[in-house]
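What follows is a single structure, written as structure tokens, with notes after it.
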Amino acid sequence: MTTLAHEPYEESAGHPEGRATHEVTNQPPPLAPYDAAEDTALLEGVRREGAGWAEEGLRRLGRRAGSAEAQEWGDLANRHAPELRTHDRYGNRVDEVDYHPSWHRLMRVAVGEGLAGAPWADDRLGAHVARTAGALVWGHTDAGHGCPTSMTYAAVPVLRRQPELAKVYEPLLTSREYDPGLRAPSGKRGLLAGMGMTEKQGGSDVRTNTTRATPTAEHGVYTLRGHKWFTSAPMCDLFLVLAQAPGGLSCFLVPRVLPDGTRNTFRIQRLKDKLGNRSNASSEPEFDGTVAWLVGPEGQGVKTIIEMVNCTRLDCVMSSATLMRKTLVEAGHHVRHRSAFGARLLDQPLMRNVLADLALESEAATALTLRLAGAADRAARGDAGEAAFRRLATAVGKYWVTKRGPAFTAEALECLGGNGYVEDSGMPRHYREAPLLSIWEGSGNVNALDVLRALRRSPAGAHALFSELALARGADARLDAAVARLESGIGEGSEYGARRLVERMALTLQASLLVRHAPPAVADAFCASRLGGDWGHSFGTLPDGADVDGVLARALPDGS
């Protein structure tokens with residue numbers, strides 16, 4: 001009997017036996033190395049918000065973020081998730097979390113580049129903007145390690161409410177030295193901070209916390225007993241937590257290692273098995289006789305820690321904007337090198353509509369992020385108007401930009417087709433990451449209701465918002481009409497309609513920024529689609545008159 005099993009492989013155009021079908025064609029080359037800071041909207045926003053002096057360093061960091069080495073660090077840190085060690089080999093309780101070496105490499109760069117607490121020790125105008133821009137760029141590597149850097153950044157202004165604690169810890173929290181490992185704080189070159197607010201019975205309703213704080217004989221020192229539900233980055237050196245003191249819910253500083261070098265009681269019960277953010281450990285710690293120092297007055301825990309929340313909410317907006325830009329770059333690279341039905345994907349009209357629509361969303365998110373960072377920078381210098389704008393607009397941005405993230409990353413993934421559904425592409429990791437940012441620091445409902453609360457409690461916020469919008473008055477009729485509608489309805493906001501109101505606030509604010517600062521192609525397409533109603537219900541539904549070529553030439557310079 002004759003067999004043909006091997007015949008197709010013989011003399012097959014010079015291919016080694018068994019490989020005749022494995023010539024790879026019509027696939028894009030690796031994206032890395034690339035410059036993660038090659039983003040016109042980002043660089044323009046940095047200059048506009050007072051941090052133009054940081055551009056050279058930002059470009060250097062962008063090249064490093066887009067290097068094959070740094071991209072591999074992000075991949076490995078997520079493939080090899082942190083592991084909890086509750087005890088050492090001898091049975092001693094240690095409560096440590098082991099990370100892949102790539103995590104530490106990512107952290108070392110992030111801290112060294114000033115993406116943690118460093119801006120609070122930097123007197124230059126725009127220091128907070130530079131830090132946000134750096135995170136927008138370095139975030140192209142991995143999102144998870146941005147959690148401890150974000151919390152460290154946010155902890156500094158809270159600790160300043162207790163000057164004697166700030167004197168001890170702030171110089172180390174603002175350090176650019178990454179010094180992992182649990183040791184006495186005074187013996188380290190740099191510290192990281194975390195926070196523990198939520199508990200299993202209440203979540204965002206922190207006033208229902210059951211963790212108890214008992215005063216000791218030493219003034220300002222308490223012991224805690226309770227169980228926290230989500231405490232990320234448990235290997236940080238110290239944590240800001242909420243607990244019920246005799247005078248009510250209060251804020252406390254909990255170090256992992258006490259000043260004398262002994263371990264504080266911080267029993268990690270388990271690590272969360274999360275949808276995404278897998279490079280970062282999130283834990284459930286138990287406090288039992290845990291030593292803590294009061295921060296701010298008893299009974300004012302929420303008021304004390306709200307400054308930390310405002311900072312980390314900005315970072316949620318920033319991280320969503322980062323994911324948008326990263327996945328847009330990935331999608332643009334793919335369609336530039338992939339052909340179907342006789343033409344490059346990038347040259348096909350409907351794909352150009354999709355990419356241009358994504359580019360509009362990405363630029364709007366980036367512009368708003370940097371405007372919020374500019375407000376934070378100026379508020380830190382005592383500008384009351386910017387502080388009022390920041391308080392309201394950060395909650396608005398947190399609601400809207402993080403809501404757009406999952407839909408955006410799904411559409412960008414779809415640009416790669418089945419290739420984007422495979423883990424090797426990196427797109428599934430980005431897709432899993434996106435929903436976290438609308439949940440962390442308050443879900444959509446929490447942020448929408450917070451906007452209502454801010455409007456009712458402080459007229460200065462609404463005044464600051466409309467003063468900002470007035471800067472674009474007369475430049476676009478659709479924007480003017482949207483501002484008028486917002487002015488007429490903002491005082492009638494109800495809890496039931498809070499999401500609709502906040503969405504209108506966000507879109508109007510984004511449009512005003514683009515009308516003032518972006519090219520006409522971008523501003524016109526955004527206003528026509530987002531404000532003028534000439535848009536569908538998914539990305540890729542821009543109107544026929546949109547200058548798609550102009551939008552893409554700005555967002556993806558090599559793909560126009």
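Heavy atoms only: backbone and side chains are in, while hydrogens, waters and symmetry mates are out.
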Quick check: closest heavy atoms across [X] and [Y], and the distance to 0.1 Å?
X: P185; Y: L172; value: O-CD1, 3.3 Å
X: R278; Y: N78; value: N-OD1, 3.8 Å
X: L43; Y: E55; value: CD2-CG, 4.1 Å

Test side-chain contact (heavy atoms from CB on, under 4.5 Å) on M505 and L392 and set out the steps. CA-CA 10 Å; M505 294 170 70; L392 182 66; 4.0 Å; yes
For [Y], does its backbone N or O pair with a side-chain atom of [X] as donor and acceptor, under 3.5 Å?
X: R499; Y: Y496; answer: no
X: K188; Y: D179; answer: yes
X: Q162; Y: G296; answer: yes
X: W120; Y: Y153; answer: yes
X: Q201; Y: T208; answer: yes
X: T409; Y: P406; answer: yes
X: R131; Y: L115; answer: yes
X: K274; Y: N277; answer: yes
X: R85; Y: V94; answer: no
X: K326; Y: T141; answer: no

Modelled atom types, side-chain donor and acceptor of [X] and [Y], under 3.5 Å:
X: T211; Y: N209; answer: no
X: Y99; Y: H104; answer: no
X: S232; Y: S282; answer: yes

Check whether more than 12 heavy atoms from other residues, nucleotides or ligands sit under 6.0 Å from atom [atom1] of [X], and answer yes or no.
X: R93; atom1: CZ; result: yes
X: E83; atom1: CD; result: no
X: H463; atom1: NE2; result: no
X: D123; atom1: CG; result: no
X: E495; atom1: CD; result: no

Do [X] and [Y] have side chains that get closer than 4.5 Å, going by heavy atoms?
X: T312; Y: M195; answer: yes
X: N280; Y: W103; answer: yes
X: L471; Y: S512; answer: no
X: W73; Y: H100; answer: no
X: R256; Y: M235; answer: yes

Determine the interplanar angle of the F287 and F266 rings, folded into 0 to 90°, and report it as parallel if under 30°, tilted if 30 to 60°, perpendicular if over 60°.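 Geometry flag for F266 against F287: tilted rings.
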Between [Y] and [X], does any NZ, NE, NH1 or NH2 come within less than 4.0 Å of an OD or OE carboxylate oxygen?
X: R404; Y: E361; value: yes
X: R183; Y: D237; value: no
X: R391; Y: D450; value: yes
X: E307; Y: R390; value: yes

Stepwise, does the side-chain contact (heavy atoms from CB on, under 4.5 Å) test hold for F466 with I490? CA-CA 11 Å; F466 285 107; I490 200 166; 3.8 Å; yes
Tell me which donor-acceptor pairs under 3.5 Å the side chains of residues 366-373 have, and how far apart each pair is, sequence neighbours excluded?
| from | atom 1 | to | atom 2 | distance (Å) |
| --- | --- | --- | --- | --- |
| T366 | OG1 | S362 | O | 3.1 |
| T369 | OG1 | A365 | O | 2.8 |
| R371 | NE | E468 | OE1 | 3.3 |
| R371 | NE | E468 | OE2 | 3.1 |
| R371 | NH1 | E386 | OE2 | 3.0 |
| R371 | NH2 | E386 | OE1 | 3.0 |
| R371 | NH2 | E386 | OE2 | 3.4 |
| R371 | NH2 | E468 | OE1 | 2.9 |

Under the side-chain contact (heavy atoms from CB on, under 4.5 Å) rule, what do M318 and D315 come out as? Steps first, then yes or no, please. CA-CA 5 Å; M318 174 269 294; D315 280 9; 3.8 Å; yes
According to ring pair (Phe, Tyr, Trp, His ring centres under 6.0 Å), who are the partners of H430, at least two apart in sequence or on a separate chain?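 Ring pair (Phe, Tyr, Trp, His ring centres under 6.0 Å) check on H430 returns nothing, list empty.
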Ring of W229, cation from K272 - is the NZ or CZ under 6.0 Å from the centre and inside 45° of the axis?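 The answer is yes; both the distance and angle limits are met.
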Can you tell me how far CG of L192 sits from OG1 of T149, rounded to the nearest 0.5 angstrom?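 Taking OG1 in T149 and CG in L192, the distance rounds to 8.5 Å.
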